[in-house]
Trainee: 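Dropping a structure here in structure tokens format, bear with me for questions.
Position 1 is the first residue of the sequence; numbering continues from there.
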Amino acid sequence: MMQYKNGLVFLLFFSSLLIFSANSLAAKRSILYQVLYQDSDFYDDNAFANKSIKVIRDWNSYADEVIKHTQDAIIDVDFSQSQVVVIDMGNRPNTGYGLKISSVLEFEDHIVVYSKFSVLDSSSGDCLPGEAINNPIIILKVDSQKEIIVREKYKTTTC
């Protein structure tokens with residue numbers, strides 16, 4: 001009887017482990033995305049703005065953001081199929097700042113956009129960033145109607 005219980009406990013443990021592992025692997029997958037605009041130029045006045053992250057679900061809000069940040073033509077987006085994410089790091093005092101998308105993953109009920117904000121560490125004096133105000137920004141199209149969460153990572157880079 002004891003051997004039967006041990007075997008049953010062993011079987012239940014490994015089946016739950018397999019189910020948990022299968023759910024973990026199926027819980028996320030990489031999703032295609034398109035960077036519509038990426039820039040570091042500065043188009044506003046000289047005030048230093050705070051960063052902002054926006055998820056846009058309509059054409060007018062999207063067009064307003066594009067016009068605010070670039071003079072490029074507005075790329076068409078079908079908002080019945082997609083959403084737009086604007087990651088704006090705000091005005092920065094020099095060219096030593098950057099922004100990029102690491103990945104976009106789809107989970108059962110949401111999407112996670114992973115971004116990386118980098119800052120040049122020029123303390124060694126080997127290189128110095130340019131003397132210009134810039135505004136790292138990415139406008140990204142995600143083909144999904146699920147809730148979007150943006151996670152950011154901060155990275156210091158050296159020369």
Side-chain angles (χ1 to χ4, degrees), residues 20-159:
F20 176 74
S21 297
N23 285 340
S24 296
L25 292 174
K28 63 181 176 181
R29 69 178 179 88
S30 186
I31 186 171
L32 292 177
Y33 62 92
Q34 178 185 3
V35 174
L36 300 174
Y37 304 93
Q38 181 167 359
D39 213 340
S40 289
D41 290 339
F42 177 71
Y43 296 104
D44 211 339
D45 59 23
N46 286 332
F48 286 93
N50 293 326
K51 75 176 184 177
S52 68
I53 297 171
K54 298 175 184 173
V55 176
I56 298 174
R57 295 179 175 91
D58 68 275
W59 178 260
N60 291 334
S61 300
Y62 164 61
D64 289 345
E65 282 298 318
V66 172
I67 291 168
K68 191 177 356 177
H69 293 288
T70 185
Q71 296 173 353
D72 294 345
I74 298 175
I75 298 170
D76 192 34
V77 174
D78 178 0
F79 283 96
S80 68
Q81 302 290 320
S82 305
Q83 300 176 77
V84 171
V85 179
V86 179
I87 305 172
D88 181 354
M89 296 312 291
N91 300 337
R92 301 299 167 164
N94 58 50
T95 61
Y97 298 86
L99 179 64
K100 72 177 192 173
I101 300 300
S102 301
S103 64
V104 177
L105 298 179
E106 181 177 29
F107 293 82
E108 187 174 313
D109 60 347
H110 65 281
I111 305 287
V112 179
V113 175
Y114 293 93
S115 65
K116 189 179 292 183
F117 179 58
S118 61
V119 177
L120 178 66
D121 177 10
S122 58
S123 62
S124 67
D126 292 339
C127 65
L128 295 173
E131 296 284 327
I133 295 174
N134 76 0
N135 183 198
I137 183 169
I138 291 179
I139 300 178
L140 178 79
K141 180 180 82 154
V142 178
D143 291 332
S144 176
Q145 291 296 309
K146 293 180 181 180
E147 177 185 10
I148 295 178
I149 299 167
V150 178
R151 301 264 167 108
E152 56 187 310
K153 187 181 228 182
Y154 175 83
K155 180 182 175 188
T156 303
T157 59
T158 56
C159 301

Trainee: Got a donor-acceptor contact below 3.5 angstrom from the Gln145 side chain to the Ser82 backbone?
Mentor: yes
Trainee: So do the side chains of Val84 and Ile139 get within less than 4.5 Å of each other, counting heavy atoms only?
Mentor: yes
Trainee: For Arg151, is the CZ atom crowded, meaning more than 12 foreign heavy atoms sit under 6.0 Å from it?
Mentor: no
Trainee: Can you tell me how far the CD atom of Glu65 sits from the OG atom of Ser52, to the nearest 0.5 Å?
Mentor: 6.5 Å
Trainee: Testing Ile149, Ile148, Asp143 for side chain to side chain contact (heavy atoms under 4.5 Å, CB included) with Ile111, which one passes?
Mentor: Ile148
Trainee: Out of Ile101, Val86, Asp88, which one pairs with Ile138 under the side chain to side chain contact (heavy atoms under 4.5 Å, CB included) rule?
Mentor: Ile101
Trainee: Roughly how far, to the nearest 0.5 Å, is the CD atom of Glu152 from the CD1 atom of Ile87?
Mentor: 8.0 Å
Trainee: Output all residues satisfying salt bridge (charged side-chain N to carboxylate O under 4.0 Å, His left out) with Lys146, sequence neighbours left out; order by chain, then residue number.
Mentor: Glu106
Trainee: At their closest point, which heavy atom of Ile75 faces which heavy atom of Tyr62, and how far apart are they?
Mentor: O-OH, 2.6 Å
Trainee: Output the distance between atom CD1 (Ile137) and atom NE2 (His69), rounded to the nearest 0.5 Å.
Mentor: 3.5 Å
Trainee: Over 60° means perpendicular and under 30° means parallel, so tell me whether Tyr154 and Phe117 are parallel, tilted or perpendicular.
Mentor: tilted
Trainee: Could you grab the distance from atom CH2 of Trp59 to atom CG of Asp76, nearest 0.5 Å is fine?
Mentor: 5.0 Å
Trainee: To the nearest 0.5 angstrom, please state how far the CG atom of Leu36 sits from the OG1 atom of Thr70.
Mentor: 11.5 Å
Trainee: What is the distance from atom CD of Gln83 to atom CG of Leu140, rounded to the nearest 0.5 Å?
Mentor: 11.0 Å
Trainee: For the residue pair His110 and Phe107, does the interplanar ring angle fall in the parallel (under 30°), tilted (30 to 60°) or perpendicular (over 60°) class?
Mentor: parallel
Trainee: With sequence neighbours left out, what residues match Tyr114 under ring-ring contact (aromatic ring centres under 6.0 Å, His included)?
Mentor: none
